[in-house]
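Note that the structure is a prediction, hence the values are computed from the model and not measured. Keep in mind that the numbers below use all heavy atoms, side chains included, and drop hydrogens, waters and symmetry copies.
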Amino acid sequence: MARITELNVNGARRRIDADPERSLLSVLREDLELTGAKYGCGEGQCGACTVLLDGRAVRSCITPVRAAAGKRITTIEGLAAGGRLHPVQQAFLETGALQCGYCTPGMIVAAAGLLRQNADPAEQEIVRALDGNICRCGTYPRIVQAVRMAAKTSKEARRG
């Protein structure tokens, strides 16, 4: 049973005709052509599909599209603003926190969600927030370094 659902994706209102039980990930990728969030395990365990839903990191592969209706959805494509990378995206580049890149969108989105909730997280808070986002290349130390760098950059920008 399909029905029209209105989504707010990266600040734009989008109407889709989809089964309300279909995964948010499949709607983002197949209907809206936003392919940054990746299909990994399909069980919400690997984090490759992470998006922000009202600012909180969620696994879009196990989130039914009905649960996203009326909420703000932010994908990796929506993090950059005004032609500038999000501080987490920039820090990932500067620290070399990515190799194959498959986990990178989910890691970056999860880290951005953390920094929205806690602008200056301790290392253990970063590790806890990204626990469950699996990087098969093993760049975890550089990922933590990137999140710390992004927090510092954001803090300095707020001070102005």
Output the distance between atom [atom1] ([X]) and atom [atom2] ([Y]), rounded to the nearest 0.5 Å.
| X | Y | atom1 | atom2 | result |
| --- | --- | --- | --- | --- |
| Gln124 | Asp131 | CD | CG | 10.5 Å |
| Arg116 | Thr74 | CZ | OG1 | 5.0 Å |
| Glu77 | Leu34 | CD | CG | 4.5 Å |
| Leu53 | Leu24 | CG | CG | 7.0 Å |

(message) For a quick test of reading the model, state the closest non-hydrogen atom pair linking Pro141 to Gly138 and the distance between them.
(response) CD-O, 4.0 Å

(message) Please give me the minimum heavy-atom distance between Cys61 and Gly42, naming the atom from each residue.
(response) SG-C, 3.7 Å

Please enumerate all residues that pass side chain to side chain contact (heavy atoms under 4.5 Å, CB included) together with [X], with sequence neighbours excluded.
| X | result |
| --- | --- |
| Gln117 | Arg56 |
| Arg29 | Leu25, Thr35, Lys38 |
| Arg13 | Glu6, Asn8 |

(message) Going by side chain to side chain donor-acceptor pair (under 3.5 Å), name the pairs with one or both residues in residues 86-95, residues two or more places apart or in two chains.
(response) Gln90-Glu94

Do any side-chain atoms of residues 43-51 form donor-acceptor pairs under 3.5 angstrom with protein atoms, and if so which ones, sequence neighbours left out?
from: Thr50; atom 1: OG1; to: Gly47; atom 2: O; distance (Å): 2.7
from: Thr50; atom 1: OG1; to: Arg59; atom 2: NH1; distance (Å): 3.2

(request) Answer with yes or no whether the side chains of Thr75 and Asn10 bring together a donor and an acceptor at under 3.5 Å. (result) yes

(request) Establish, from distance only, whether the side-chain atoms of Thr63 and Ser60 form a donor-acceptor pair under 3.5 Å. (result) no

Just jot down the side-chain hydrogen bond (donor to acceptor under 3.5 Å, both in side chains) partners of [X], sequence neighbours excluded, or say none.
| X | answer |
| --- | --- |
| Gln99 | none |
| Arg14 | none |
| Gln145 | none |
| Asn118 | Glu125 |

(message) With salt bridge (charged side-chain N to carboxylate O under 4.0 Å, His left out) as the criterion, how do Arg22 and Glu30 come out once you've worked through the C-alpha distance, each side chain's angles and the decisive distance to 0.1 Å?
(response) CA-CA 11 Å; Arg22 202 163 142 217; Glu30 297 166 16; 3.3 Å; yes

(request) Check for a donor-acceptor pair, side chain of Thr139 on one end and backbone N or O of Arg142 on the other, with a separation under 3.5 Å. (result) no

(request) Look at the side chain of Tyr102 and the backbone N and O of Tyr39, then say whether any donor-acceptor pair between them is shorter than 3.5 Å. (result) yes

(message) If hydrophobic residues (ILVMFWY) are linked whenever their side-chain heavy atoms come closer than 4.5 Å, directly or via other members, who joins Leu79 in its cluster?
(response) Leu52, Ile76, Val88, Phe92, Leu98, Met107, Ile108, Val109, Leu114, Leu115, Ile126, Val127, Leu130, Ile134, Tyr140, Ile143, Val144, Val147

(message) Who clusters with Leu93? Use side-chain heavy atoms, under 4.5 angstrom, across I, L, V, M, F, W and Y, and order the result by chain and number.
(response) Leu85

(request) State plainly whether the residues Asp54 and Lys71 are in salt-bridge range, i.e. N to O under 4.0 Å. (result) no

(request) With sequence neighbours left out, write down each residue that passes salt bridge (Lys or Arg N to Asp or Glu O under 4.0 Å) with Glu33, or none if nothing qualifies. (result) none

(message) Any non-hydrogen side-chain atom of Ile4 less than 4.5 Å from a side-chain atom of Ile16?
(response) no

(message) Are Leu32 and Ile73 linked, directly or through intermediate hydrophobic residues, by side-chain heavy-atom contacts shorter than 4.5 Å (ILVMFWY only)?
(response) yes

